[in-house]
Peer 1: 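Take this structure first; my questions come after.
As the structure lists them, so they are numbered: ligands from 1, and atoms in each ligand from 1. Remember, it's a predicted structure, so these values are computed and weren't measured experimentally.
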Amino acid sequence: MANTWGYGAMTNSLGDIQNAKAIIIFGANPAVNHPVGFQHFLKAKERNNAKIIVVDPVFTKTAAKADHFCRIRPGTDIPFMYGMLNLIFKNGWHDEKFISDRVYGMEDIMEEAKKWTPEKVEDITGVPADKLIQITRLYAQSTPGTLIWAMGLTQHSNGSSNTRLAPILQLALGNLGKEGGGTNILRGHDNVQGATDMGCLSDTLPGYYGLSDGSWKYFAKSWGVDYEWLKGRFKSGKWMNAKGFTLARWWAGVLDGKNGNDKITNAETNLKALFVMGNGITSIAQQAKVKEGLDNLEMLVLCDPFVNEAAILTDKQDDVFILPAATQFETSGTVVATNRSAQWRNKVIEPMYESRTDHDILFDLAKRLGFYEQYTAGMKIKENKKEFTWPEDATDEIARIVKTIGLTGWTAKRIKKHQENWHMFDQISGRGYGEMKGEYYGLPWPSWTETHSGSPILYNIDRSVKDGGMGFRNRFGLEHDGQDLLAGTGSAPKNSANKNGYPEITRDNIEKVLGITLTEDEKSRIGKNWKVDTSNIIAEKCMEQGMAPYGNAKARAKVWTFPDQIPMHREPLHSPRQDLVKKYPSFDDKKNHFRVDTLYKTKQNEKDWSKEFPINMVTARLVNMNGAGMENRASKYLAALTPEMFCNINPDLAGMHGIRDGAMMWIHSPEGTKIKVKAKYSHAVSEDRIWLPFHFTGHFQGEDLTHKYPEGTKPYATGESANTVTNYGYDIITQIPETKGGLCRIELA
Ligand SMILES: Nc1nc2c(c(=O)[nH]1)N[C@H]1C(S)=C(S)[C@@H](COP(=O)(O)OP(=O)(O)OC[C@H]3O[C@@H](n4cnc5c(=O)[nH]c(N)nc54)[C@H](O)[C@@H]3O)O[C@H]1N2
Ligand SMILES: Nc1nc2c(c(=O)[nH]1)N[C@H]1C(S)=C(S)[C@@H](COP(=O)(O)OP(=O)(O)OC[C@H]3O[C@@H](n4cnc5c(=O)[nH]c(N)nc54)[C@H](O)[C@@H]3O)O[C@H]1N2
Ligand SMILES: [Mo]
């Protein structure tokens with residue numbers, strides 16, 4: 001199962017952060033989680049005297065390097081950002097021309113922002129009004145400013161609104177499409193960007209093509225398989241276009257409404273088998289439910305270089321298979337970095353012992369399930385080969401098919417050449433020299449054609465399209481509610497033949513919009529639109545005219561198909577402020593949300609959770625551990641740094657409960673679950689909240705499960721998983737769990 005926690009990508013790059021004059025960081029701790037990338041932040045400070053502002057519920061190592069720290073209550077970033085927008089509009093710090101030419105729906109944002117005075121923001125977020133005024137002035141007046149976010153914004157029931165309002169803030173200031181500006185989302189795993197780009201998501205095909213007959217037919221043709229055959233793999237055509245379960249909620253699919261669990265809509269059956277490839281499982285919220293899900297499976301397959309600790313958590317005895325997977329050092333191919341650039345990797349050693357690479361395991365699985373030929377056909381089509389070469393032909397297949405994010409330029413040959421010429425690229429801009437002139441390192445997508453430079457800064461109209469420039473994508477029609485959705489006159493990329501906004505390019509409009517005439521031969525070969533044009537004539541012609549195949553439109557501040565058309569504050573499902581829950585309630589419950597009926601208001605209103613569970617709980621990361629943590633806890637030296645699970649707690653809060661530094665304490669959750677962990681006094685957290693790392697497992701609700709590790713596999717550090725006490729709550733659009741907000745009760749153990 002691939003990882004699907006984050007969405008989005010950097011508009012700019014880590015190197016480009018060195019061009020920023022101000023850096024505002026919401027819910028990210030790069031000093032710990034992106035320590036190499038964080039050096040660019042520090043260089044911005046050295047080079048430009050860039051000011052760093054950190055907005056976080058706890059004082060982090062990143063905050064220690066910042067000029068300003070705003071201690072925000074978890075789940076209240078929307079009031080905070082509207083508070084900034086309130087001051088920006090009131091003082092005229094916004095970029096009026098940028099907004100009128102390139103943004104749709106900002107009037108509604110301006111209206112909403114009026115409500116969020118600094119005093120009101122202080123009451124809700126806990127950040128003093130004068131601090132908000134101080135940092136807003138500083139940020140708005142130091143342009144360009146870059147806005148950074150990561151998991152502190154996404155892991156909330158309202159997380160998708162957070163990740164909409166953050167770019168809106170940048171749009172208001174005209175900070176998008178600029179060097180040193182942008183919204184720079186620090187992504188997670190090695191190649192998580194590539195995993196999402198390749199469609200390891202339950203609601204898209206590769207390249208974010210939507211689930212529709214049209215997309216499936218395009219892929220069937222491009223893969224060289226029969227569309228009807230593909231359809232036959234599903235119970236019926238209906239399920240082909242239905243979103244699947246998510247990583248966060250697969251267990252609900254197994255439990256199928258049993259024991260009061262959420263009901264599902266899934267082709268008249270529950271899930272019976274789980275195949276895990278590259279996920280720790282103990283990193284998923286609500287571990288008691290995860291355990292119940294694991295226990296009720298008919299078959300569990302764990303494909304991992306380590307013993308996946310799901311095998312330790314479950315009581316299931318039969319039909320649990322552990323397949324030894326090789327690591328990234330034992331295979332080769334492309335990965336995608338957080339700034340959308342591709343990198344070629346060489347194998348360092350052959351797979352050790354009996355381990356096999358992931359692709360090898362998948363190919364073998366496909367053989368035994370009887371669809372190996374179809375599975376691999378796409379790699380042989382282009383040159384009509386009998387056998388494919390791995391991984392080059394896979395890379396070239398991706399380049400041939402994925403148009404939506406512009407991967408046409410990503411041929412194996414080009415990406416390899418970049419890797420071989422690392423020294424020929426500028427570290428900040430990514431611009432190539434000498435032999436690599438005219439290309440940016442890793443060809444950050446979109447790279448529209450086989451000779452295109454790559455696009456290091458999205459939506460930048462100061463550059464020509466050939467040199468990575470572009471406007472915003474035209475994706476949602478030409479107008480809405482009588483308002484033009486195309487970009488205003490004069491806001492086309494440099495050297496564009498068409499100086500106005502223009503629609504996405506199709507076979508029918510290309511001659512008119514580009515002002516060209518196609519030959520009869522071109523007309524016979526061109527695809528219906530830029531997204532399915534395997535001839536690539538549309539993109540080639542667009543390059544000649546300096547135009548982007550996806551159009552030049554306005555960015556949307558308002559999404560008319562979402563439950564909240566503009567981002568609105570909604571209290572977390574488990575909020576310490578019951579008074580605010582009435583004013584800012586969560587969403588209506590959502591039926592069939594990725595196949596699971598998901599609770600919002602019902603859960604929030606079940607009772608005043610804050611009475612019994614008055615303390616806010618934040619879960620996050622340690623520098624010496626990663627994700628579920630097995631990879632690091634199995635290392636003697638990394639484990640020694642944090643040998644056991646702990647809770648950062650303010651001495652005043654601990655004192656009120658008679659908990660001494662180093663004593664064991666219980667943490668109880670509204671789910672009725674509990675964990676026993678060591679108290680660690682810390683002034684980084686205030687008295688109303690605690691902080692937990694989520695990298696441990698091996699103990700469950702006070703019970704030591706470590707006798708269950710197969711001989712010789714017990715890691716050096718084990719402990720309770722924070723996820724045993726993370727609360728119910730899932731994002732309304734993406735279904736990311738609310739692991740960055742929630743409540744708990746503590747006591748001395
Ligand atoms: N060492 C190490 N590095 C890693 C990882 C790892 O496990 N270990 N994991 C990788 C992965 S997969 C990812 S996704 C990234 C994640 O990188 P980050 O997002 O930086 O990771 P976290 O530490 O989980 O969370 C960041 C911050 O969000 C804050 N936060 C919590 N709630 C809120 C809130 O409501 N508002 C605001 N503004 N902030 C909030 C937390 O206090 C925390 O300091 O790191 C990657 N890098
Ligand atoms: N409470 C709380 N929970 C969280 C988060 C949080 O902030 N708070 N953050 C969430 C986020 S953003 C993420 S990304 C997840 C991370 O959680 P996981 O994705 O579970 O994290 P990892 O430990 O990186 O898991 C990867 C697994 O893949 C295995 N592996 C490594 N290399 C390979 C390989 O080449 N092939 C195969 N087959 N396996 C491999 C590792 O041994 C490990 O078991 O946790 C999420 N859970
Ligand atoms: Mo992640």
Peer 1: For ligand 1, which atoms, with element, lie under 4.0 Å from some heavy atom of Met625?
Peer 2: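 Listed by number with element, the hits are 1 (N), 2 (C), 6 (C), 7 (O), 8 (N).
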Peer 1: Tell me the contacting part of Arg621 for ligand 2: side chain, backbone, both, or neither, using a 4.0 Å heavy-atom threshold, strictly below.
Peer 2: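 Side chain only.
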Peer 1: For ligand 2, does Asn279 get within less than 4.0 Å through its side chain, its backbone, both, or neither, judged by non-hydrogen atoms?
Peer 2: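 The part of Asn279 near ligand 2 is both the backbone and the side chain.
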Peer 1: Tell me whether Lys678 at atom NZ has more than 12 heavy atoms from other residues, nucleotides or ligands lying less than 6.0 Å away.
Peer 2: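 Open.
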Peer 1: Mark the output for Lys740 as yes if a heavy-atom distance to ligand 2 is under 4.0 Å, and as no if none is.
Peer 2: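 Heavy atoms of Lys740 do come under 4.0 Å of ligand 2.
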Peer 1: Please determine whether a side-chain nitrogen of the Lys or Arg among Arg73 and Glu571 lies less than 4.0 Å from a carboxylate oxygen of the Asp or Glu.
Peer 2: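 The answer is yes: the pair qualifies as a salt bridge.
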Peer 1: Of all the heavy atoms in Val192, does at least one lie under 4.0 Å from an atom in ligand 1?
Peer 2: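 No, Val192 has no heavy atoms under 4.0 Å from ligand 1.
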Peer 1: Mind checking whether Gln155 has a heavy atom under 4.0 Å from ligand 1?
Peer 2: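 No, Gln155 has no heavy atoms under 4.0 Å from ligand 1.
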Peer 1: Counting only heavy atoms, tell me which of Val623, Val32, Asp56 gets closest to atom 29 (C) of ligand 1.
Peer 2: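 Result: the heavy atom closest to atom 29 (C) of ligand 1 is in Asp56.
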Peer 1: Among Ala31, Ala63, Pro57, Gly188, which one has a heavy atom closest to atom 30 (N) of ligand 1?
Peer 2: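 Looking at heavy atoms only, the winner is Pro57.
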Peer 1: Does ligand 2 have a heavy atom under 4.0 Å from the side chain of Ala285, from its backbone, from both, or from neither?
Peer 2: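 For Ala285, there is no contact with ligand 2 at all, from either part.
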Peer 1: Measuring from atom 38 (N) of ligand 2, which candidate in Val618, Asn632, Asp358 has the nearest non-hydrogen atom?
Peer 2: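 That would be Asp358.
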Peer 1: Out of Asn191, Asn723, Asn626, who gets a non-hydrogen atom closest to atom 3 (N) of ligand 2?
Peer 2: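 Answer by nearest heavy atom: Asn723.
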Peer 1: Give the numbers and elements of all ligand 1 atoms closer than 4.0 Å to a heavy atom of Leu622.
Peer 2: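 Under 4.0 Å from Leu622, ligand 1 has these atoms: 1 (N), 2 (C), 8 (N).
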Peer 1: Could you tell me whether Arg577 and Asp123 have a side-chain N and a carboxylate O separated by less than 4.0 Å?
Peer 2: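 The answer is yes: the pair qualifies as a salt bridge.
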Peer 1: Can you name the salt bridge (Lys or Arg N to Asp or Glu O under 4.0 Å) partners of Asp564, sequence neighbours left out?
Peer 2: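 Partners of Asp564 under the salt bridge (Lys or Arg N to Asp or Glu O under 4.0 Å) test: Arg570.
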Peer 1: Just jot down the ligand 1 atoms closer than 4.0 angstrom to any heavy atom of His189, in number order.
Peer 2: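 Checking each atom against His189, I get 12 (S).
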Peer 1: Closer than 4.0 Å to some heavy atom of Val58 - which atoms of ligand 1 meet that?
Peer 2: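 Listed by number with element: 42 (O).
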Peer 1: Should the proximity of Ala722 to ligand 2, defined as any heavy atom under 4.0 Å, be assigned to the side chain, the backbone, both, or neither?
Peer 2: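 It is neither part, as no heavy atom is under 4.0 Å.
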Peer 1: Kindly confirm or rule out an N or O of Ala150 lying under 3.5 angstrom from an N or O of ligand 1.
Peer 2: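 No; the residue has no nitrogen or oxygen that sits under 3.5 Å from a nitrogen or oxygen of the ligand.
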Peer 1: Answer with yes or no whether Thr60 contacts ligand 1, where contact means a heavy atom under 4.0 Å from a ligand atom.
Peer 2: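 Per 4.0 Å heavy-atom rule, Thr60 contacts ligand 1.
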Peer 1: Can you tell me if Gly741 has a non-hydrogen atom under 4.0 Å from ligand 1?
Peer 2: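 Contact check Gly741 vs ligand 1: negative.
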Peer 1: Using a distance-only test with no angle check, is there a side-chain donor-acceptor pair under 3.5 angstrom linking Asn624 and Thr642?
Peer 2: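 Yes.
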Peer 1: Any heavy atom of His695 sitting closer than 4.0 Å to ligand 2?
Peer 2: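 No, that is not the case, since the closest heavy atom of the residue is not under 4.0 Å from the ligand.
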Peer 1: State which residues pass side-chain contact (heavy atoms from CB on, under 4.5 Å) with Thr673; sequence neighbours excluded, sorted by chain then number.
Peer 2: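 side-chain contact (heavy atoms from CB on, under 4.5 Å) check on Thr673 returns Ala288, Ser669, Glu671, Gln701, Thr724, Val725.
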Peer 1: Taking Arg345 first and then Asp190, would you say they form a salt bridge - that is, a charged N and a carboxylate O separated by under 4.0 Å?
Peer 2: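 Salt bridge between Arg345 and Asp190, a charged N being under 4.0 Å from a carboxylate O: yes.
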Peer 1: Identify whether the distance between the nearest side-chain nitrogen and carboxylate oxygen of Lys603 and Glu738 falls below 4.0 Å.
Peer 2: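 Here Lys603 does not pair with Glu738 in a salt bridge, since their nearest N and O are not under 4.0 Å apart.
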Peer 1: Does any N/O atom on Phe26 come nearer than 3.5 Å to any N/O atom on ligand 1?
Peer 2: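 No, no N or O pair falls under 3.5 Å.
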Peer 1: How about Phe694 and Phe696: are their ring centroids closer than 6.0 Å?
Peer 2: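 No, they do not, as the ring centres are separated by 6.0 Å or more.
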